[in-house]
Amino acid sequence: MIKRTLEELKPYAPPGHFGMAAMMIHGKEETGAKKFRFALSVFLPGGGAEWDKETLEKIYYVLEGSVTVTDKAGKKYVLHKDESLVIVPGDERHLINESNLPAKMLVIAAYPDE
């Protein structure tokens, strides 16, 4: 078992993201997790992630504030505190914090099979 505390986490910059800060909680490099990575993301107002086509499963879980995820068809999913969204391989998405408050979100993402 490996316990992690907020004080131990180090920021990183996920590609295609803007106006945000991310910290990896569990992952291959941090704790040896092999099947998934688990991160904390904080999006400032107007911050988000560019359009991307997912190749692996991902789950968003909002802790504070709200984020808007738009799919390829233009459908918007507004996620508020204690709401989540699963994204499956092939889904295309864009993410933005459209509010005037920061949004805090947990992200769980699968690693490719080795």
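As the structure is a prediction and not an experimental result, all values here were calculated from the model. Below, each value reflects all heavy atoms present in this structure, side chains not excepted, and no hydrogens, waters or symmetry copies.
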Distance-only donor-acceptor pairs under 3.5 Å for side chains of residues 9-23, two or more places apart:
| residue | atom | partner | partner atom | Å |
| --- | --- | --- | --- | --- |
| H17 | ND1 | P15 | O | 3.0 |

Steps toward side chain to side chain contact (heavy atoms under 4.5 Å, CB included) verdict (Y60, L79):
CA-CA 9 Å; Y60 295 150; L79 304 176; 4.2 Å; yes
Go through the steps for D82 and Y61 under the test side chain to side chain contact (heavy atoms under 4.5 Å, CB included), then give the verdict.
CA-CA 7 Å; D82 296 327; Y61 185 90; 2.9 Å; yes
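Between F43 and the options L101, L95, I96, a side-chain contact (heavy atoms from CB on, under 4.5 Å) holds for only L95.
Residues L106 and I108 have side chains not in contact (no heavy-atom distance under 4.5 Å, counting atoms from C-beta outward). Taking 4.5 Å as the limit, some side-chain heavy atom of E57 sits within range of a side-chain heavy atom of P89. Put simply, the side chain of L56 does not reach to within 4.5 Å of the side chain of Y111, judged on heavy atoms.
Put simply, the side chain of R37 gets close to the backbone of A110: a donor and an acceptor are under 3.5 Å apart. For the pair R4 (side chain) and I25 (backbone), a donor-acceptor distance under 3.5 Å is present.
With values rounded to the nearest 0.5 angstrom, H94 atom NE2 is found 11.0 Å from D52 atom CG. Separation of atoms CE (M24) and CD (E29) is listed at 8.5 Å; rounding is to 0.5 Å. Note that NE2 of H26 is 11.0 Å distant from NZ of K3, once rounded to the nearest 0.5 Å. Between the OG1 atom of T70 and the CD atom of E98 there is a distance of 6.5 Å, given to the nearest 0.5 Å.
Taking E83 as the reference, nothing meets the salt bridge (charged side-chain N to carboxylate O under 4.0 Å, His left out) condition, with sequence neighbours excluded.
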